[in-house]
*Asks:* 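This is the structure, below, for whatever I ask next.
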Amino acid sequence: MEAKENGSLHASVDEKNTNSEVHVKQNGHRAAAEPRFRFTPEPSLEDIRQMQAEFTDQRDWNQFHQPRNLLLALVGEVGEVSELFQWRGEVAEGLPGWSEAEREHLAQELSDVLIYLVELAEKCRVDLPQAVLRKMALNRLKYPASKVHGSAKKYTEYQD
């Protein structure tokens, strides 16, 4: 999570907290815990992969959906997400001040990103949920909480 530039408000995740709550610190003191945003449990990534595979099959688009093409489409969709944030300055968590139409537009563009990412992973035979588990384990080794807490440095910048 990011902190305000002046350092007066910090949000951190308590990794030991099984309720996945965010503890907001003001002036160095822990304030009341706020529940973290959660996704609904369905559809799963596998459900999304199946829906997209059926969609693509029904349109005979697999001939166009090769890894390179999917990657370029993914990059294009990320660009469309970027456009929604361009010229706004910093945007606070929860997007205060955004209209429902702006939020829905963002939801559609982020969905496009996810759909292309899942399809790219499928075409490359990458099991994303398992890859995420492996990557998170690697990140825990590269960024031990006791060493990096409150810092945004890259792991190569930390000294033992």
*Asks:* Do Glu93 and Arg36 meet the salt-bridge criterion of a basic N to acidic O distance under 4.0 Å?
*Replies:* no
*Asks:* Should we count CD of Gln86 as having more than 12 external heavy atoms under 6.0 Å?
*Replies:* yes
*Asks:* What residues form a salt bridge (charged side-chain N to carboxylate O under 4.0 Å, His left out) with Glu109, not counting sequence neighbours?
*Replies:* none
*Asks:* If you count heavy atoms of other groups shown closer than 6.0 angstrom to CZ of Arg68, is the number above 12?
*Replies:* no
*Asks:* If you round to the nearest 0.5 Å, how far is CD of Glu122 from OG1 of Thr56?
*Replies:* 8.0 Å
*Asks:* Kindly give the heavy-atom pair with the smallest separation between Leu120 and Pro67, and that separation in Å.
*Replies:* CD1-O, 3.4 Å
*Asks:* Can Val91 and Trp98 be said to form a side chain to side chain contact (heavy atoms under 4.5 Å, CB included), step by step?
*Replies:* CA-CA 10 Å; Val91 176; Trp98 284 44; 3.7 Å; yes
*Asks:* For the side chain of Gln66 and the backbone of Gln63, is there at least one donor-acceptor N/O pair under 3.5 Å apart?
*Replies:* no
*Asks:* Apply side chain to side chain donor-acceptor pair (under 3.5 Å) to Asn62 and list each qualifying residue two or more places apart in sequence or on a separate chain.
*Replies:* Asp57, Lys123
*Asks:* Which value, rounded to the nearest 0.5 Å, describes the distance between Glu104 atom CD and Gln108 atom CD?
*Replies:* 4.5 Å
*Asks:* Determine, step by step, whether Arg88 and Glu83 satisfy the salt bridge (charged side-chain N to carboxylate O under 4.0 Å, His left out) criterion, reporting the C-alpha distance in whole Å, the side-chain angles of both residues, the deciding distance to 0.1 Å, and the verdict.
*Replies:* CA-CA 10 Å; Arg88 288 183 180 258; Glu83 287 177 358; over 6 Å; no
*Asks:* Do Val75 and Leu114 land in one hydrophobic cluster if side-chain heavy atoms of ILVMFWY residues count as linked below 4.5 Å?
*Replies:* yes
*Asks:* Go through the steps for Leu84 and His105 under the test side chain to side chain contact (heavy atoms under 4.5 Å, CB included), then give the verdict.
*Replies:* CA-CA 8 Å; Leu84 299 178; His105 190 183; 3.5 Å; yes
*Asks:* Kindly work out whether a path of hydrophobic side-chain contacts (I/L/V/M/F/W/Y, heavy atoms less than 4.5 Å apart) joins Leu72 to Phe64.
*Replies:* no
*Asks:* Listed by chain and number, what are the side chain to side chain donor-acceptor pair (under 3.5 Å) partners of Ser44, not counting sequence neighbours?
*Replies:* Asp47
*Asks:* Please lay out, stage by stage, how Gln58 and Glu54 fare under the test side chain to side chain donor-acceptor pair (under 3.5 Å).
*Replies:* CA-CA 6 Å; Gln58 291 169 352; Glu54 289 172 15; 5.0 Å; no
*Asks:* Quick one: side-chain contact (heavy atoms from CB on, under 4.5 Å) partners of Leu110, sequence neighbours excluded?
*Replies:* Val81, Leu106
*Asks:* Which residues pass the salt bridge (charged side-chain N to carboxylate O under 4.0 Å, His left out) test with Glu80, not counting sequence neighbours?
*Replies:* none
*Asks:* Quick one: CG on Leu117 to CG on Leu70, what's the gap to the nearest 0.5 Å?
*Replies:* 10.0 Å
*Asks:* For Leu95 and Phe85, what are the C-alpha separation, side-chain angles and deciding distance, and is it a side chain to side chain contact (heavy atoms under 4.5 Å, CB included)?
*Replies:* CA-CA 10 Å; Leu95 309 178; Phe85 287 86; 4.2 Å; yes
*Asks:* Donor-acceptor pair, distance only, cut-off 3.5 Å: does the side chain of Asp112 make one with the backbone of Glu77?
*Replies:* no
*Asks:* Identify, with sequence neighbours excluded, every residue that meets side chain to side chain donor-acceptor pair (under 3.5 Å) alongside Ser146.
*Replies:* none
*Asks:* Once you round to the nearest 0.5 Å, how far does CG of Leu138 lie from CG of Leu133?
*Replies:* 12.5 Å
*Asks:* Angle class for the Phe55/Trp61 ring planes (parallel below 30°, perpendicular above 60°, tilted otherwise)?
*Replies:* perpendicular
*Asks:* Would you say Glu100 has more than 12 foreign heavy atoms packed within less than 6.0 Å of its CD?
*Replies:* no
*Asks:* Can you tell which of Gln50, Arg49, Gln52, Glu46 makes a side chain to side chain contact (heavy atoms under 4.5 Å, CB included) with Val118?
*Replies:* Arg49
*Asks:* Indicate the atoms forming the closest heavy-atom contact of Ser111 with Ala107, along with that distance.
*Replies:* OG-O, 2.8 Å
*Asks:* Would you compute the distance between atom CD1 of Ile115 and atom CD1 of Ile48 and round it to the nearest 0.5 angstrom?
*Replies:* 7.5 Å
